[in-house]
Every structure is written in structure tokens, then in C-alpha cells.
Amino acid sequence: MNANPSLNGAHPYNDPGSDEPLLQVRSLSKLYGSRIGCTNVEFDLWPGEVLAIVGESGSGKTTLLNCISTRLVPTAGGVRYRMRDGRMRELFGLEEAERRFLMRTDWGFVHQNPADGLRMSVSAGANVGERLMAVGERNYGQIRKTAGDWLSRVEIEMDRIDDQPRAFSGGMRQRLQIARNLVTSPRLVFMDEPTGGLDVSVQARLLDLLRGLVTDLGLAAIIVTHDLAVARLLSHRMIVMKDGKVIETGLTDRVLDDPQAPYTQLLVSSILQV
Amino acid sequence: MPKRLIVSDVSKSFTMHLRGGVVLPVIGRADFSLESGKCFVLGGPSGAGKSSILKMLYGNYACNSGQILVVTDNGMIDLVTAKPREILRIRKETIGYVSQFLSVVPRVSTMDIVSEPLIERGYFRDDAHARASALLEHLNLPRYLWDLPPATFSGGEQQRVNIARGFITDHPILLLDEPTASLDAANREVVISLIEQKKRSGVALLGIFHDEEVRSRVADQIIDVSAFAPQATVA
């Protein structure tokens, strides 16, 4: 009820072998008036696990993502999250300050449009450094060094550190947004169509980068995508949504290779084979 | 020899919802088991369901009924009812799979593709690379290719990258889907010796080999898949 979750760097609950879920979604529904955003969604997410939510536009996947990440208040149901102190807390019962602290430190949110997740008129280095300052880092030299390390991790040259993201290409902006999100060592990252709107070759580079980072850092992630190839490459498990409802869930390769529900079969058979 | 995996009364059919719900039976009442230190080979005409059986054993295909019991460090687990998380753990610790084709990830080098399974299991990068180098050397993949992504390699070269990736781990159960399909005679020999090594170290293997010679040299027993042919059902 009190005390902000402590930031001690270590992640005692980030062990992928852990038997305790990191996140529990229960009977989650969001209605827009009488229109269904998403309805009765339930799942658990474990540390180190990548979950893809797939479906066509209007299927409710982004609404679901926004509810889980507390950017939207659900109409019914709840989301429980294991804080860094190991306690399971109901997210919609948190104090506003606790919730903001979570979003700034323990979580990342990668938007489809980098301009929604970046500050376009401050430098690349400051975009990354800002999140560090939010968790209490005050040493300028240290902030700049860490920011520089992260820029190189996402393959942005050091000589671009003082440039504003408006001078960057789409792919670079997206990589900068990822660095900004990962610099505080979050345990959970939400991604909304992270490769949407990018050229295919730029997508491939970004996917490869994301795949490496997720494995190296043992991140848990929830990725919303309409692209089944992205889901196959990045995720362990998959949720298929249509009209706000969960149609099918399971191991990613099983859902894609042996889909059971009529809608999933339609979705899978609609992919162009190259 | 101790049993590592027991398949009991497993059946599988596909329901094609886009074709008016036609039910396509593939396997009916499959029964067999795998033993430590032995290589069993799935036999039978093409279309009999050999690949489907391998995919069910890897959790890639769902089963309609029956049990696939796997001996793991955490006791016996039934793959048919296992949760996705349990299947992921079994793939990490217990069952390895060498597919026929390499699924190429853009931009990832051959060395990283081959050593990745070890790094995921907590090996140091240098140790993983050393083991990967030894395997790639053994499989006669020219050294100048090791730093390149295999997307542009020939079929046989990709196949060897895939074999190195599949054989690098110490899974107690290994599934092989035509690992020698596009290899020349010399490299076929290498794969046969790798399989024999696995057998000596107590691994239970199950494979599909269309090559008559390879099959007769590695197989301890042939499992005739046509014996599991499903009863014709009216859709």
C-alpha cells in the first residue's frame, strides 16, 4: 500500500524458470458504449516470455494492450502484476504515483509511430537519458555514457547522439524508441506493431535486433501485430483475436502450423508464401 | 534399455474449416516407444504421416487423443495435454529437433545460428562458438562461410548448418526429419557418424530417412507407420 517498488538493479523475479507469473489478466473487458473493444480476456505471462496478440484491424488487440498497460481503464476485470519486491498487485488499485513509476521504469512501451514514444525536438541522447533521470540518475557524464552505449546497441552511430530524432529515418527512430524504453532495464515491454510502416529490409533489421535484445535481457514482452511472420519470429505464445474475443491461444508454432479455429485457419491460409 | 518416450494410442486428424469442415484423418492409434541409445526410424510410404508423428512428438502439431509421455527431469509429462510453457521447457531440456529445412533469420550469421541453442542454455559465448566451430569443421562447411548468414547458401550448405545447430545440444531425445536429404556421400557419412555418437552417449533418436543406405546403417528398428493408418471415416 505504501513504498514505491525499489529499484535495485537485480531482478529476482526475472528468472525465466520461475513458476510465478509476472502478469495475470482476468476477465478483462473494455466496452466503448455498447461497442465491444475486447471481452473476457484471460491469460498469464511469465518472466522472459514473449506473447504475440494477433488479429486484423478492429479485432481489439490494441485496446487489449492499452488496458493491460493501464493506458485505458477496463470496463470489467483486472490485471495483476508482480512488483519488483515480489508482491502481486492489482494494477488498477495502485496509487497514481506507483503506476507512473511502473510505466517509467519497470515497463517499456514501444509505439508503432516512434513520434508517439519519442520527444522529437530533443536530442537522441537526451531521449534515452531522460528515462534514466526519471529513475534518479543525476550524473551527466554517466547518463551520456549509458545513452551512448544504448545507441550503439541499437546500431545508431555515436556521432548522431546530439541529433534530434526528426532528422532520423523511420527505422532509426524506431530503434531509438527501443533504446529509450530499454535503458531502465524494464522487466516487461509492450509493443504495438513495432515494425509497422517500415520497409521490409528495415523491418528485418529491427526484428533481428529485437529478437537479440529480448533473448539477451530475458525480457517479457507483449507484442501486438497483424503480421504473422513477426509473431513467429519473436513470440513463444500467441493469442488470436477477432471482434474483441480471443479465438485461439497456444504455442506460436502450433497455432501457425496446426490452427484449430476456423478463423485462425483463414488467417494463416491468407499469408502469401515467398 | 530405459524408455525415454512412450507414444500410446495417439490419433491425429485435420479439420479443414475452409473446406466445409472436411476431416482428414492422418494417424490412428499410434503405439511405440523410444529407448535410450537407440535410433528408431519411421518407415512407410510418403503421405503415411511420418512427418506428422515427428511434429506431434515435438508439440508442433496437436493430437486428437492418446498420450505422448516424455521422461524429463521433472518427472513424466504428457505432451498431448502439456501447457505451452511445459512444451517450451521440454524443447529446451529434453527433445531436440532437426528439421529438413533451415528457417533462416535475416542477418544472423552461421556461427550464431549454430551456437544459439547452447547460449540459450547458459553456455559462455566462447565455449559455444568453439563447439560450433568443431561441428561445422566436421561437416566440411568452408570456414569463410561461418560469418555469413546462410540465406544465400546452397541447399546442401544450409542443410549442414541446420544439422550442426540440431546436433550441438545434449538433448536426451532427438528427432530427425530427413537430415541427409540434400547431402553428398561424404557429408552423409559425417551425419551417420554423428548419429552413432549420439547413440553411444545414450540419446534416444527417432528419424525419417528416405535414403535406403543411411536408414539401414543407423536404424535399430523400423516403425512401420502404415500400421497406424486411420480407419476411413465419413466426413
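Sequence lines set the chain letters: A, B, ... in the order given, protein chains first and strands last, and positions in each chain run from 1.
Only the side chain of B:Ile87 comes within less than 4.5 Å of a heavy atom of chain A; its backbone N, CA, C and O stay farther away. Residue contact with chain B, scored on non-hydrogen atoms closer than 4.5 Å, involves the side chain of A:Glu49 exclusively. Within the 4.5 angstrom heavy-atom criterion, only side-chain atoms of B:Phe14, from C-beta onward, approach chain A. Residue B:Arg91 touches chain A through its side chain alone, counting heavy-atom pairs closer than 4.5 Å.
Salt bridge annotation for B:Glu116-B:Arg165: present, with a cationic side-chain nitrogen under 4.0 angstrom from a carboxylate oxygen. Taking a cutoff of 4.0 Å between a charged side-chain nitrogen and a carboxylate oxygen, B:Lys55 and A:Asp258 do not qualify as a salt bridge.
When the salt bridge (charged side-chain N to carboxylate O under 4.0 Å, His left out) test is applied to A:Arg232, the partners found at least two apart in sequence or on another chain are A:Asp257.
Proximity of A:Phe43 to A:Leu28: side-chain heavy atoms (C-beta onward) are nowhere separated by under 4.5 Å.
A side-chain donor-acceptor contact under 3.5 Å links A:Tyr81 and A:Asp106.
Chain A forms the most heavy-atom pairs under 4.5 Å with one residue out of B:Lys83, B:Met16, B:Lys12, and that residue is B:Lys12.
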